Amino acid sequence: MIDHDIIVIGGGLAGLRAAIEAYKLGADVAVISKVYPVRSHSGAAQGGINASLGSDDSWESHAFDTVKGSDYLADQDTVEVLCKEAPERVIEMENWGCNFSRQKDGTIAQRPFGGAGFPRTCFAGDRTGHNLLHTLYEQVLRAGIKVYHEWLVIKLDVDNGRCTGLIAMNLADSEIEAFRAKATILATGGYGRIYQRSTNAIINRGFGISLAYNAGVPLEDMEFVQFHPTTLWGTNILITEGARGEGGYLYNKDHERFMERYAKEAMELAPRDIVARAIQKEIDEGRGFPEGYVHLDLTHLGKQKINERLPGIRQISIDFAGIDPVKEPIPVQPGQHYSMGGVTSDKDGRTPMQGLYAVGECACISVHGANRLGGNSLLDTVVFGRRAGINAAEDVRSRLWPDEDGLLEACRQEEIRISGMIGGEGENFASIRDELQLIMQEHVGVFRNKKGLEHALDRIRKLKKRASGLRVQSKATVFNFELMNALELQGMLELGHVIVLGALAREESRGAHYRTDHLERDDENWLKHTLAYKGDEPLLEYKEVNIGRFTPQRREY
Amino acid sequence: MVKLTIRRQDENAIWYDTFDVEERPGMTVLEALFRIQEKQDGSLCFRYSCRGAVCGSCAMLINRKPGLACRTQLSDARTEVVSESEKEDVLLKHSNKDEDKYEILVEPLPNLKVIRDLIVDMDHFFRLVDSIEPWIAAPEDAGGQQTLMEPALQMQIEKYTNCILCATCHGSCPAAERDGEYLGPAALAKAWRFFLDPRNGEEGAEKIVSGVDSEKGVWGCDVVYRCVAVCPKKVPPTSAILKFRDELK
């Protein structure tokens, strides 16, 4: 048994920021992650982080853009926190060494992003996530915070309604260990890889979210899945919104700047849901290129600007599509990108379960509502990561250590469960996973309808049955990734089930959830959050949206 | 079809396995490894995360050259001529004859201990990098003001902040091969990044310079630029090392 006051699960931006704050407040904090922290998906974020630093910008304006962008589903009290704290958090990251791009006067440079009324996205070239992640990791090193890397957390332990720690497997030797904690902070990121086409790292399987769900914590708004409009055709590697922010154009196969038809004012800088639907519609109606993409043209920006502002995009296009954007347009298609939904939590990262916090993409603090604006997710991680760190550190001060017996028993049971999956006759994880990804892509994507969702529901139920007989053939104890894949697949199926059921129930179109059989937003019936509780079938409940200063209105760009 | 010959290791047992993988256009070495792990041999292990050349997990030796598996196209790798290794454990004969052009040789990154198959001991690499104390020692309260920085200096620093700590440089470095305690290209490039950064202050810069002034540091480098040649992010560690040497003269 390993003891820490606070254990943070996940070593991306949200997790590291939480750990640093808890450490500063005197808590004994450790980070546990299935990869080395610098391998986290936060490092793939390209475009930037929003903060109203400009003298003619304001947090209120940032908040309005965020709420409007969310199609009024965001909780406005949490949005207020996000936007008010943004400048302080961004400047702090600058002070800690983040290598932000600069304006001529030496201040942090900002670029326009979709759905924003001001160029408020601070950036470090097109490697903003990478720079932020390395900066936070450097501060974790400086503090000497303990990191358990390459450990897979397989269960949250709950005693009397309180999270008492976790059970984890050391991937280096497959040993299973109990970790006792007075508070646990989930910061495990999104679930992009339950879709066939995703910008996400391969490790993003939403396993952390499923851990909370299995422990009895409800998931919120899981039907809201963001599809990024511009992912590289074929591999779906992200092509940042910054490419459009810097002036990139979208063209169909007839060389029409088709955004004119969908968002006359904002054009390519309309919010992501609108641009993603526009591109998908062009493709579906035969105006895309035959292989299923449109063109993102940067050639008119010139080599110097591309090299200065979008060097990573240039490299990715050359490496993964054989296209140099200085000379040719980039082939792009929409792909899954971000999970607006997640483990329900409040503005301090508290979940309904005592002792358990959730922050970052795995959480639904509901600052993004039905559609997240670009540049707000990196901000979300550092604002709410810090707040969870503060609150967890306060929380553990007066707490006694949880009882050991429950944790040790849970550890034994997990050992039995996992050894039972190894060897014998049964199906391999890969075919079930491939089918899940295809179902989600085809029926729970940019466009949805009742028939497709019912079909998806039926197939996921069958996949869950098949997965109960899942077997792992490799008996390796050192880095048995077949075992890890099998464990994580079970969580992926749970999440798919929740997403489909929530999407089927929500008979309206709002933000990223677009029903071709219910085209309008329906505030009368659906201005509410979905909560899903674990059952044989997920149990759906609803809760009110916190509306503040911005009254819902029709969303036009 | 592409043939991947992979160096396997389990404790002290070392052997080579060959797998046939059906090639699709645009397929990378990493995708081929997944195909093998999922359909042919679930025990094969290798690290991965982003599959987009930004996280640095999948560094390995491909046709005897250190690189990222996710960034290496099968179509490029299978037509390469593989040089004979000077080491005795080579059992592969590659030539530029046509019949050999569908083979790719995959081995773990050199200069780090192999844990199993293609997974090497990265703790050793990170310990070297961390030993230069790679961080800005910002004061507890910096007053809530951003530090102003010339765009030109920012771009100079960027060359080095682009490092993803994949260790391909370490795997190509002759000094790291002969001396396990040599700080290595990644650590020294990072040291230069923190030396350049005005946020570190004079005291910080002096500390960094004294930390690299040894045979384990900038004086151990052979200046053969292999690290610069293999870096997937175009970070130039050798330039950093030479600039440090100038500082120390």
Side-chain angles (χ1 to χ4, degrees), chain A residues 24 35-36 38-41 43-44 53 88 90-92 94-97 99-109 124-125 127 130-131 134-135 138-139 141-142 172 201-203 234-235 237-238 308 312 315-316 319-322 428-430 472-476 478-482 485, chain B residues 10-11 25-26 28 34 37-39 41-57 71 73 115-117 119 122-123 126 130 133-140 142 144-151 153-155 157-158 161-165 193-194 197 199-200 233-234:
Chain A
K24 280 200 207 164
V35 292
Y36 284 90
V38 292
R39 313 302 186 210
S40 303
H41 183 55
L53 297 177
E88 209 179 311
V90 167
I91 288 170
E92 178 176 73
E94 192 283 329
N95 288 173
W96 285 350
N99 191 35
F100 284 112
S101 296
R102 304 291 175 149
Q103 306 187 72
K104 284 202 183 87
D105 65 0
T107 55
I108 297 170
R127 299 181 177 115
H130 164 86
N131 277 279
H134 280 246
T135 299
E138 286 153 16
Q139 294 299 316
L141 279 176
R142 178 189 179 193
I202 294 168
I203 58 171
T235 53
I237 296 173
L238 179 64
E308 259 176 49
Q315 197 61 53
I316 285 168
D319 285 349
F320 294 96
N428 174 280
F429 74 91
V472 177
Q473 292 309 323
S474 170
K475 292 189 171 70
V478 179
F479 291 102
N480 187 335
F481 286 139
E482 191 187 351
N485 273 296
Chain B
D10 198 355
E11 296 187 3
T28 61
F34 278 125
Q37 190 187 54
E38 288 170 10
K39 312 278 183 205
D41 184 348
S43 74
L44 176 68
C45 74
F46 49 92
R47 288 196 180 97
Y48 58 87
S49 173
C50 78
R51 70 73 178 84
V54 294
C55 82
S57 300
R71 188 172 171 262
Q73 299 278 325
I115 294 177
R116 192 166 78 79
D117 292 349
I119 292 187
M122 288 295 288
D123 280 355
F126 282 115
D130 297 352
E133 303 194 356
W135 53 75
I136 296 284
E140 189 68 26
Q145 293 299 314
Q146 39 177 307
T147 327
L148 300 182
M149 195 190 287
E150 291 278 333
L153 176 59
Q154 186 271 334
M155 280 153 78
I157 293 175
E158 190 184 70
T161 54
N162 285 341
C163 171
I164 55 174
L165 297 172
R193 171 252 178 280
F194 284 103
D197 199 313
R199 291 168 290 198
N200 226 358
K233 296 284 136 180
K234 299 185 179 146

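In this text, all values refer to a predicted model and were calculated from it rather than measured experimentally. Convention: sequence-line order gives letters A, B, ...; per-chain numbering from 1.
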On a heavy-atom basis, the closest approach of B:Ser57 and A:Arg39 is OG-CD, 3.3 Å
So, the part of A:Asp319 with a heavy atom under 4.5 Å from chain B: the answer is both
Bottom line for A:Ile237: the part with an atom under 4.5 Å from chain B's heavy atoms is both
Note: vs chain A, highest number of non-hydrogen pairs under 4.5 angstrom among B:Pro25, B:Gly26, B:Gly52, B:Pro151 is B:Pro151
Here the gap from B:Glu150 atom CD to A:Asp105 atom CG, rounded to the nearest 0.5 Å, amounts to 10.0 Å
From the list A:Val90, A:Leu141, A:Ile316, the residue making the most non-hydrogen contacts under 4.5 Å with chain B is A:Leu141
Residues A:Ala201 and B:Cys50: closest non-hydrogen pair is CB-CA, 3.7 Å
Interatomic distance, CG@B:Asp41 vs CD@A:Gln473, rounded to 0.5 Å, equals 11.0 Å
Smallest heavy-atom separation, A:Ile203 atom then B:Ser49 atom, equals CD1-OG, 3.2 Å
Most heavy-atom pairs under 4.5 Å with chain B, out of A:Ala321, A:Gly312, A:Gly106, A:Ala44, belong to A:Gly106
- Item | Chi angles and distances behind the side-chain contact (heavy atoms from CB on, under 4.5 Å) call for A:Tyr36, B:Leu165 | CA-CA 11 Å; A:Tyr36 284 90; B:Leu165 297 172; over 6 Å; no
Whatever's closer than 4.5 Å to a heavy atom in chain A on B:Gln146 counts as both
When every non-hydrogen atom of A:Glu308 is compared with those of B:Met155, the smallest separation belongs to CG-CE, 3.7 Å
Heavy-atom closest pair (B:Ile115 atom, A:Phe479 atom, distance to 0.1 Å) is CG2-CE1, 4.0 Å
Okay, A:Glu92 and chain B: the region with an atom under 4.5 Å from a heavy atom over there is neither
Counting heavy-atom pairs under 4.5 angstrom with chain B, the leader among A:Thr235, A:Asn480, A:Asn131, A:Ile108 is A:Ile108
Scored by heavy-atom pairs under 4.5 Å with chain A, the best of B:Asp117, B:Asp197, B:Ile119 is B:Ile119
Applying a strict 4.5 Å limit to non-hydrogen atoms, the region of A:Phe100 in contact with chain B is backbone
The interface call for A:Leu238 against chain B, heavy-atom contacts under 4.5 Å, is neither
When the 4.5 angstrom heavy-atom criterion is applied to B:Phe46 and chain A, the contacting part is backbone
Cut-off 4.5 Å, heavy atoms of chain B, and the answer for A:Lys24 is side chain
Checked A:Gly234, A:Ser101, A:Gly43 vs chain B; the most non-hydrogen pairs under 4.5 Å come from A:Ser101
If one checks every heavy atom of B:Asn200 against chain A at 4.5 Å, the contacting part turns out to be neither
With sequence neighbours left out, the residues meeting side chain to side chain contact (heavy atoms under 4.5 Å, CB included) with B:Gln73 are B:Thr28, B:Ser75, B:Asp76
Applying a strict 4.5 Å limit to non-hydrogen atoms, the region of A:Asn485 in contact with chain B is side chain
Turns out that what part of B:Met122 lies under 4.5 Å from chain A's heavy atoms comes down to both
Counting heavy-atom pairs under 4.5 Å with chain A, the top scorer among B:Arg47, B:Lys39, B:Gln37 is B:Arg47
Looking only at heavy atoms, the pair that brings A:Gly97 and B:Ile136 closest together is CA-CG1, 3.7 Å
Applying a strict 4.5 Å limit to non-hydrogen atoms, the region of A:Thr135 in contact with chain B is neither
Has A:Asn95 got a side-chain atom pairing as donor or acceptor with B:Gly144's backbone, closer than 3.5 angstrom?
no
Checked B:Lys233, B:Arg116, B:Arg51 vs chain A; the most non-hydrogen pairs under 4.5 Å come from B:Arg51
Honestly, the part of B:Leu44 sitting under 4.5 Å from a heavy atom of chain A is neither
query: Is there a side-chain contact between A:His130 and B:Ile164 (heavy atoms, below 4.5 Å)?
result: yes
Chain A shares the most heavy-atom pairs under 4.5 Å, among B:Val54, B:Asp130, B:Thr147, B:Asp10, with B:Thr147
When the 4.5 angstrom heavy-atom criterion is applied to B:Ile157 and chain A, the contacting part is both
Okay, B:Arg71 and chain A: the region with an atom under 4.5 Å from a heavy atom over there is both
Side chain to side chain contact (heavy atoms under 4.5 Å, CB included) filter on B:Glu158, not counting sequence neighbours, yields A:Asn99, B:Gln154, B:Thr161, B:Asn162
With chain B, the option among A:Gln103, A:Gln139, A:Glu88 that has the most non-hydrogen atom pairs under 4.5 Å is A:Gln139
